[in-house]
**Q** 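First, the structure itself, so that you have it in front of you.
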Amino acid sequence: MSRYLVTSALPYANGPIHFGHVAGAYLPADVYVRYLRMAKGEEQVLFVCGTDEHGVAITLKAEQAGMGYREYVDQWHEEIKALFDQFSISFDIFTGTARCPQHVETSQRFFEVLLERECIFDKTEEQWFSEESGRFLADRYLQGGCHECGYEKARGDECPSCGTWIDALQLKNPVSLIDGSSPILKETKHWYLDLPKLQAEGLDSWYKGEDEANPVKGWKPNVDGYVQAMLKDLHERPITRDLPWGVPVPQHLEGAEGKVLYVWFDAPIGYVSATMEWAAAQGKEDAWKDWWQDSDTRLVHFIGKDNIAFHMVVFPSMLLGQGEEWNNKPFVLPWSVPANEFYNLEGRKFNTSAGWYLDNESFFSTYNPDAARFHVLMSMPETADAEFTWEEFQATNNSLLADKVGNLISRVLKFVDKRFDSRVPDGVESILEHEFLADADAAFAQVGEHLENQSFRKAGQALIAAASALNQFFDNMAPWKSVNSEAPAEQAACRATLERCLAYLELLSRRLAPFCPESAASLRVMLGEVAAGATTATDVWGTNEVPSLCTAGAKIGEAKVMFPKIDNDQIAVEIERLNASAATQA
RNA sequence: GGGGGAAUAGCUCAGUUGGUUAGAGCAGCGGAAUCAUAAUCCGCGGGUCGGGGGUUCGAGUCCCUUUUCCCCUACCA
C-alpha cells in the first residue's frame, strides 16, 4: 500500500493570494487529500505546505513598507492562511520558510551534501553593485542603454524596444531602479547547481519512468512537453545570492559572508522541513523519514504552470543529489506533479492592486464556502486557462448544488418526515435491482475513479450524475402516488423507495465529503441515525457499492436547506461592484 | 527571439493508441409530473472541431504552416 505525501506550492509571502491560486494548487490538492484520507486511511496521507518567505522581492517590498522582513512576511503569512481557512484547506501543517525551526539547518545540509558530492561548484564573476544601498542588483532592477538598438530605458534582462536579449553586463550607463544610483562592477562568488551532472545521474531515467525505485504516475501534457524540451539543453543554475535575508550559505565556506541560498533553492526544501516540523509536533522526530525516504511514498506536488521547471527538474535534482547521505537512504522523487494552468476572473487576470479581485471577507460572509469549493473545482484550469465568472458560480450553485443535490435531499427527507414520522420505513424488502440505482452505483464509483486519477472536474460531474440518477429513481417510483394507494404492493414499493433513497443519501454524504466537507457533515446530521455509524474510517471507493439496508425505524433528523439559491439581483450587484472597484483603481 | 500549453455546439468543457451519423452539463424550446429549495423527470434543436496545406482507404485525434490567448526564458516563486 502506498502512502501519499502531498504538497501544494508554497505561496510567496509577498502579497495577497486569490481564487486563482486556490484553484490551481490548493483546492484540488485538498480534495485529493480528503479523498485519500477516506479511501486509503488517514495515516496514509500527509499534506504539507507553508509560505515561501525569502527572496529579494520580499526584502524590497518590506523596505518600502518600512517593516522588518520577518514582520512583513508574518503579516502575509497570516493573511494567506486566512484564505485557506475559508476554503477549508486541510493541511496537516502550514508553516513558512522563515518560521519553520528546522528549515535553516535542513536547507544548509542539502547544500553541504550537494557540495560534498560535487553537484555544486562555485564561480566568481562581476556583477553590478550599488554602493549607495550596498547591494548587488538583480537584472530587473537595472536600467540602461540597449547595446543593440540604443534604446535608453532598457531593463537588465530584455529591451522593451527591440526585444533583444540583454546581458546585464552589457548595459550602457546602467542606473539602479532601486535607489537611482549608478552601480559599479564588483566581483562576487556564487555557487551553482550542476544540473547536467544530476541529469545524467538519474534525473533522466526518473523522468522517463525507468527508475524502478521511483515510479511515476505519468505526466500531464503541459508538464511533459515543457520538461522534455528543457532536458534537451540543461544548464547549471546559480543557487546563491547577495542578500541580507534568507538561509545563510554555510559560513565556514570561503566567500560565504553576506550570502544566502537563492529563494528557489530553499523554498522546495520547505516541503521537507515542514514535514520535519510536523513530525516534531507529533513527538516523533524521525517520522519525516517515513515520508521522504520510504520507497512506498508517492510524492505529489500540486502547482501552477509557472512552477513546472522547479518541481520537475530543479527540486528532483536536489533530492537526487542528496545521494544516501541522510540515514544511508535516498530521498523519494515525485510520483506525480499535477500542474494546473491559470484561473482568471471574468476574462481578466486577478489583480488586487488594479481592483480586479474578489473580496474574500465579503465573499465568504455572503456565500457558502462549500459552494465556492465546488464551483472552483468544477471550473478549475485542469488543461487550459479557465476563469471564475459570477454567472457561472450562480449556475453551479443553483442548478447543480441546490436543484440537483439539495433538492434531492430535501424531497426525500421531507417525505420521510411527513409520511413515515421521520423514521426509516419498516417491513422493507429492499430494491436491489433498478436501472436508475445501477446508474447511481456506476456514477458514485466514477467519483472515486476520477479522484484517484486526479480528474477533478470529472469527479464533480460524476457526483452530480449520481444525484441525477437518484432523482430519476425517485421520479420513476413516484412514491407520492403509491403512498396513497390501498394496494399492499404499492405501499411496499413506496416504503422500499424511501428506504433506498435514505441509504443512497448516506452514500452521497460520504462521496460529497471531499468536495464539500461542511455540507457533507450537515447532511449526516440530517440523516440522523441513518448516518449514525462512524464512516470516516477507510471507505471503499471506486467500486459499485450497493448501500446496505437501513435499520427499520431509525430516526432521521430535520431537513435543512444546504445550498441556498443565489438570485439574479445578487449577482448583478457583485458584477457591478467588481467593475466599480476596477474603475476606482484605474 | 527561443521553448511549452491551449483553441471543439450560445456558455463551460469531454473526446482513449486516427475509424461507423463529434459527446456531456448549463442556457433555450416543447411536454409530463406536483413529493421537494417553483426544485424534478422526459424529449428537441444546435458544432464539421481557429485558418490553410499535407500524410492516410479514413483525422477533432498525426505532420507542416498560420492566427489568437496564456506560461517559462534561468536573480519578478
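The structure presented is a predicted model; accordingly, all values stated were derived computationally and were not measured.
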**Q** Is the shortest side-chain N/O distance from A/Q472 to OP1 or OP2 of B/C42 below 4.0 Å?
**A**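 Answer is yes, contact under 4.0 Å.
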**Q** Mind checking if A/A386 touches a base, just sugar-phosphate, or nothing, with heavy atoms under 4.0 Å?
**A** sugar-phosphate
**Q** Can you label the angle between the A/W191 ring and the A/F111 ring as parallel, tilted or perpendicular, going by 30° and 60°?
**A**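 It falls in the perpendicular class, over 60°.
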**Q** Taking pairing as Watson-Crick or G-U wobble with both contacts under 3.5 Å, can you name the mate of B/C44, or confirm there isn't one?
**A** B/G28
**Q** Separation of A/Y226 atom OH from B/G3 atom C1', in whole Å?
**A**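 Rounded to whole Å, this separation is 8 Å.
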**Q** Contact class for A/T396 (heavy atom, under 4.0 Å): base, sugar-phosphate, or nothing?
**A**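 Counting heavy atoms under 4.0 Å across all strands, no contact is made by A/T396.
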**Q** Under 4.0 Å, counting only non-hydrogen atoms across every strand here, what does A/K458 touch: a base, just sugar-phosphate, or nothing?
**A** sugar-phosphate
**Q** When the C1' atoms of B/U56 and B/G4 are considered, how many whole Å apart are they?
**A** 29 Å
**Q** Specify the residue among A/F563 and A/A384 whose closest nucleotide of RNA chain B lies further upstream toward the 5′ end.
**A**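 Mapping each residue to its closest nucleotide by heavy atoms, the 5'-most match is A/A384.
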**Q** In whole Å, what is the span from the CG atom of A/D306 to the P atom of B/C71?
**A** 9 Å
**Q** Heavy atoms only, 4.0 Å cut-off, all strands: where does A/T383 land among base, sugar-phosphate and nothing?
**A**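 It contacts sugar-phosphate atoms only.
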**Q** Would you mind telling me which of A/W245, A/W264, A/Y72, A/Y262 makes a ring-ring contact (aromatic ring centres under 6.0 Å, His included) with A/H54?
**A** A/W245
**Q** May I have the distance from A/Y343 (atom OH) to B/C13 (atom C1'), rounded to whole angstrom?
**A** 13 Å
**Q** Please report the distance separating the P of B/G18 from the corresponding atom of B/U8, rounded so that it comes out in whole Å.
**A**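 The same atom, P, in both gives a distance of 22 Å.
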**Q** May I ask you to check whether over 12 heavy atoms, not counting those of A/Q75, lie within 6.0 Å of atom CD?
**A** yes
**Q** P atom, B/U17 versus B/C57: distance in rounded Å?
**A** 22 Å
**Q** Quantified in whole Å, what is the C1' atom distance between nucleotide B/A6 and nucleotide B/A14?
**A** 15 Å
**Q** Parallel, tilted or perpendicular for A/F121 and A/Y192, by the 30°/60° rule?
**A**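 The rings of A/F121 and A/Y192 lie parallel, inter-plane angle below 30°.
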**Q** Using a 4.0 Å heavy-atom cut-off across all strands, classify A/F136 as base, sugar-phosphate, or nothing.
**A** nothing
**Q** Quantified in whole Å, what is the C1' atom distance between nucleotide B/A32 and nucleotide B/A22?
**A**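 It works out to 31 Å between them.
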**Q** Do other residues, nucleotides or ligands put more than 12 heavy atoms under 6.0 Å from A/E63 CD?
**A** yes
**Q** Please give the nucleotide sitting opposite B/A6 as a Watson-Crick or G-U wobble pair, both distances under 3.5 Å, or none.
**A** B/U68
**Q** Tell me: NZ of A/K349 to P of B/C70, nearest whole Å?
**A**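 My rounded result for the distance is 6 Å.
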**Q** When rounded to the nearest 0.5 angstrom, what distance separates CE in A/M312 from OH in A/Y207?
**A** 5.5 Å
**Q** May I ask you to verify if any side-chain N or O of A/S468 is less than 4.0 angstrom from the OP1 or OP2 atom of B/C41?
**A** yes
**Q** Rounded to the Å, how far apart are A/E435 CD and B/C41 C1'?
**A** 13 Å
**Q** Any side-chain heavy atom of A/F444 sitting closer than 4.5 Å to one from A/L508?
**A** yes
**Q** Taking CG from A/N222 and P from B/A6, how many angstroms apart are they, rounded to a whole number?
**A**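 Taking CG of A/N222 and P of B/A6, I get 8 Å after rounding.
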**Q** Please tell me which of the listed nucleotides, B/C11, B/C71, B/A14, lies nearest to the side chain of A/E392?
**A**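 For A/E392, the side-chain atoms sit closest to B/C11.
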**Q** Given B/U12, B/A39, B/C71, identify the nucleotide with an atom nearest to the side chain of A/F342.
**A** B/C71
**Q** Are any of A/T51's side-chain N or O atoms less than 4.0 Å away from OP1 or OP2 of B/A77?
**A** no
**Q** Aromatic rings A/H311 and A/Y271: how do their planes relate, parallel, tilted or perpendicular, breaks at 30° and 60°?
**A**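 Aromatic pair A/H311/A/Y271 classed tilted.
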**Q** Determine the interatomic distance between C1' on B/A59 and the same-named atom on B/U20; round to the nearest Å.
**A** 14 Å
**Q** Return whichever of A/E341 or A/R457 has its heavy-atom-nearest nucleotide of RNA chain B closer to the 5' end.
**A**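 Nearer the 5' end of the strand: A/E341.
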**Q** When rounded to the nearest Å, what value does the distance between C1' atoms of B/C26 and B/G50 take?
**A**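 Per the computed distance, 24 Å lies between those C1' atoms.
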**Q** Would you please confirm or rule out a distance under 4.0 Å between OP1 or OP2 of B/G5 and any side-chain N or O of A/K220?
**A** no
**Q** With rounding to the closest Å, how many angstrom separate the C1' atoms on B/G23 and B/U40?
**A** 24 Å
**Q** At what distance, to the nearest 0.5 angstrom, does OG of A/S422 lie from CD1 of A/I556?
**A**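 CD1 of A/I556 is found 4.5 Å from OG of A/S422.
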**Q** For A/V561, answer base if it contacts any base atom (sugar-phosphate contacts may also be present), sugar-phosphate if it contacts only those atoms, and nothing otherwise; contact means non-hydrogen atoms under 4.0 Å.
**A** base
**Q** Using a heavy-atom cut-off of under 4.0 Å over every strand shown, decide if A/A309 touches base, sugar-phosphate, or nothing.
**A** nothing
**Q** Can you tell me how far C1' of B/G10 sits from CD of A/E391, to the nearest Å?
**A**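 Roughly 12 Å, once rounded to whole Å.
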**Q** Taking any heavy-atom pair under 4.0 Å as a contact, classify A/M562: base, sugar-phosphate, or nothing.
**A** base
**Q** What integer distance in Å separates A/N453:CG from B/A14:P?
**A** 14 Å
**Q** For each nucleotide in nucleotides 23-36 of chain B, reading 5' to 3', give B when a protein heavy atom comes within less than 4.0 Å of its base, S when such contact involves only the sugar-phosphate, and - otherwise.
**A** ---SS-----SSBB
**Q** Applying salt bridge (charged side-chain N to carboxylate O under 4.0 Å, His left out) as the test, list every pair that has at least one member in residues 217-232 of chain A; sequence neighbours left out.
**A**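 Every pair satisfying salt bridge (charged side-chain N to carboxylate O under 4.0 Å, His left out) with a residue in residues 217-232 of chain A: there are none.
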